[in-house]
Amino acid sequence: MGKSGQVFRITGARSSLSEDVRGRQRRYVISMLVRTVCVLLAVVLWDVQRYVAYVALGAAVLLPYFAVLIANAGRERAPGLPSTFAVPEQTPLMLGPGGTGGHGASDED
């Protein structure tokens, strides 16, 4: 094998899109199952423990909002990886014709 100066890291690669979508769907379904359990718990406990039923009903009302937030959390940029468009610190200043910043006129006007 020849020696190359480039080293590629695969550990920082993101998951495939289909795997990401499958994970989002799984998180959403689990959240909706928890919501269903909360609704059923509210129905069963309505005449037994009214306060617990209210808490379960409140959780069932608020859970869809959080389920969407949790399901949509994903496909962010991988942390700690270098930017694709990394600009070196010592980038020379680009000036227009005559060194005037693009105006084309000189300082002698």
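The basis for the numbers below is simple: all heavy atoms, side chains too, and nothing from hydrogens, waters or symmetry mates. Worth saying up front: this structure is predicted, and the values here are computed from it rather than measured.
For the side-chain contact (heavy atoms from CB on, under 4.5 Å) test, residues two or more places apart in sequence or in another chain that qualify with Ala67 are Tyr28, Ser31, Met32. The side-chain contact (heavy atoms from CB on, under 4.5 Å) test applied to Val21 returns Leu17, Gln25, not counting sequence neighbours. Here Phe66 pairs with Leu62, Leu69 under the side-chain contact (heavy atoms from CB on, under 4.5 Å) rule; sequence neighbours left out.
For residues 51-62, there are no salt bridge (charged side-chain N to carboxylate O under 4.0 Å, His left out) pairs, not counting sequence neighbours.
Here Leu63 is tied into one hydrophobic group with Val34, each link being a pair of ILVMFWY side chains closer than 4.5 Å.
In plain terms, the two heavy atoms of Ala60 and Pro64 that are nearest each other are O-CD, 3.3 Å.
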Which atom pairs, donor and acceptor, lie under 3.5 Å between side-chain atoms of residues 37-50 and protein residues at least two apart or in another chain?
residue : atom : partner : partner atom : Å
Arg50   : NE   : Trp46   : O            : 2.9

